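Remarks on the structure that follows.
Computed over heavy atoms, backbone and side chain alike; hydrogens, waters and symmetry mates excluded. Just so you know, ligand 1 is whichever comes first in the structure, and atom 1 is the first atom listed for that ligand. None of the values given here were measured: they were computed from a predicted structure.
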Amino acid sequence: MNKLLCYNRPMRILGIETSCDETAVAVVVEGSKIESNLIASQVEIHARYGGVVPEVASRQHILAILPLLQKAMNEAAVTWHDIDAVAVTNGPGLAGSLLVGVSVAKSISFARGLPLIPVNHLEGHIYANWLSNTNDGTPPLFPLICLIVSGGHSDIVLMEGHGRYTLLGRTRDDAAGEAFDKAARVLGLGYPGGPAIDRAAREGIPSISLPHAWLKGTDDFSFSGIKTALMRMVKAGEIENKANAAASFQEAVVDVLVNKTAEAARQYRVKQVLLAGGVASNSRLRKRMREASPVPVLIPPPLFCTDNAAMISAAANFRLPGSSVDNLNLDVIPDLKLA
Ligand code: KG4
Ligand code: ZN
């Protein structure tokens with residue numbers, strides 16, 4: 001029998017996330033109530049390289065994780081006796097980074113005899129919408145459409161129940177976040193690019209016409225054309241106002257994301273639309289999705305759209321019986337797909 005089902009009190013899950021450049025630890029009760037949620041960001045370290053350096057990231061995770069773990073337990077005011085399970089991201093992500101979180105989670109599981117729950121990072125992003133700070137704690141309603149937009153993914157997913165995903169569309173080239181990061185680099189707006197474009201765009205107007213890849217008849221995306229068009233304009237000296245260029249780029253990407261997501265919501269007659277992933281913290285995307293959607297839109301607060309561990313605890317909490325507990329053979333899967 002599944003060990004997790006034996007608990008008759010609300011499950012308190014320790015979540016660990018180290019898939020990329022944020023070391024994160026959280027304590028969450030019943031997949032919703034956040035008792036602590038700590039993030040040690042490496043952004044300043046990687047900024048000088050203009051992107052994440054994998055070896056540097058894994059070394060930083062090693063330095064950060066144990067003190068962060070202790071702090072997260074202290075902040076939640078819990079001891080090991082209060083923790084019911086350990087959840088950890090085991091993919092997708094950088095192998096060396098994932099390994100740090102998975103090794104720590106395995107050690108805790110072994111030492112304390114706690115169930116070990118591997119979580120897909122993308123599933124984590126989706127489940128940020130179950131945390132109590134989204135929608136005043138009212139959980140999402142199935143069936144729903146979720147747009148996952150992060151540094152590595154742009155997926156439209158139909159979700160018909162816990163753990164029941166159908167991938168409707170994905171990017172054929174750059175992910176939305178990747179496109180934001182590259183556009184910011186081209187415009188000299190710095191790293192990380194998404195927040196930089198978001199900020200710059202507030203001072204500009206979308207006055208430049210950029211190509212939209214609608215890929216009609218599919219739920220797929222393509223963002224490399226728009227990025228290349230922007231690059232060409234910069235090289236040709238045609239960009240006079242960076243804020244206007246940032247606003248134009250952001251508007252073009254948001255146009256496609258919003259229209260395709262709203263269309264999928266109509267087609268599949270879902271009850272809600274969820275946004276997830278780092279790009280879901282984009283202010284323009286949040287506003288326009290709410291305006292265009294035929295059904296209510298749920299979006300986590302910005303801090304819970306970007307990488308965090310509370311979302312990993314939340315996803316683990318709703319794991320279907322029988323698929324929840326792993327053992328010390330758990331390995332990292334850098335290219336893990338959403339099942
Ligand atoms: O989900 P996330 O934190 O990490 C991954 O799983 O990839 O997403 C990171 C991505 C980066 O590409 C970053 O530039 C983008 O999310 N991002 C944004 C904003 N904040 C973060 N993109 C647009 N607007 C933002 N405000
Ligand atoms: Zn992420």
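Protein heavy atom in closest approach to atom 24 (N) of ligand 1: N282 ND2, 3.0 Å. The shortest contact between atom 26 (N) of ligand 1 and any protein heavy atom is with D198 OD2, 2.9 Å. The nearest heavy-atom contact from the protein to atom 21 (C) of ligand 1 is G278 O, 3.4 Å. For atom 12 (O) of ligand 1, the closest heavy atom belonging to the protein is D181 OD2, 2.7 Å.
For V279, heavy-atom contacts with ligand 1 shorter than 4.0 Å involve the backbone as well as the side chain.
Among G177, G93, G151, S19, the residue whose heavy atom sits closest to atom 9 (C) of ligand 1 is G151.
Of the inter-residue distances, the one linking S293 atom OG with L147 atom CG reads 11.0 Å to the nearest 0.5 angstrom. Interatomic distance, CG of N282 versus NZ of K287, reported as 12.0 Å (0.5 Å rounding).
Put simply, no part of E22 is less than 4.0 Å from ligand 1, judged by heavy atoms. The shortest separation from a heavy atom of H121 to ligand 1 is under 4.0 Å, placing the residue in contact. The shortest separation from a heavy atom of S281 to ligand 1 is under 4.0 Å, placing the residue in contact.
When distances from the Zn ion (ligand 2) to the N, O or S atoms of D307 are compared, OD1 comes out shortest.
Interface atoms of ligand 1 facing G152, defined by a heavy-atom separation under 4.0 Å, are 7 (O). For ligand 1, the atoms lying closer than 4.0 Å to a non-hydrogen atom of D307 are 1 (O), 2 (P), 3 (O), 4 (O), 5 (C), 6 (O). Which parts of ligand 1 touch T306 is read off a 4.0 Å heavy-atom cut-off, strictly below it: atoms 3 (O). Which parts of ligand 1 touch H125 is read off a 4.0 Å heavy-atom cut-off, strictly below it: atoms 1 (O), 6 (O).
Summarising the geometry of D155 relative to R170, their closest heavy-atom pair is OD1-CB, 3.3 Å, with the distance given to 0.1 Å. Here the closest non-hydrogen pair linking V273 and M289 is CG1-CE, 4.2 Å.
With the Zn ion (ligand 2) as the vertex, NE2 (H121) and NE2 (H125) define an angle of 90°, rounded to 10°.
Remark: L63 engages Q60 in a side-chain contact (heavy atoms from CB on, under 4.5 Å) (not counting sequence neighbours).
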| query | Where do Y49 and Y191 land on the ring pair (Phe, Tyr, Trp, His ring centres under 6.0 Å) test, with the steps shown first? | reply | CA-CA 9 Å; Y49 306 104; Y191 170 89; 9.9 Å; no

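For the side chain to side chain contact (heavy atoms under 4.5 Å, CB included) with K242, the qualifying choice from L189, I197, V234 is L189, the only one to do so.
Between Y127 and H162, the ring center distance clears the sub-6.0 Å criterion. Between F223 and F180, the ring centre distance reaches or exceeds 6.0 Å.
Transitive grouping of hydrophobic side chains (ILVMFWY, heavy atoms separated by less than 4.5 Å) keeps V53 and V43 in distinct clusters.
Checked against a 3.5 angstrom limit, the closest N/O atoms of G194 and ligand 1 fall inside it.
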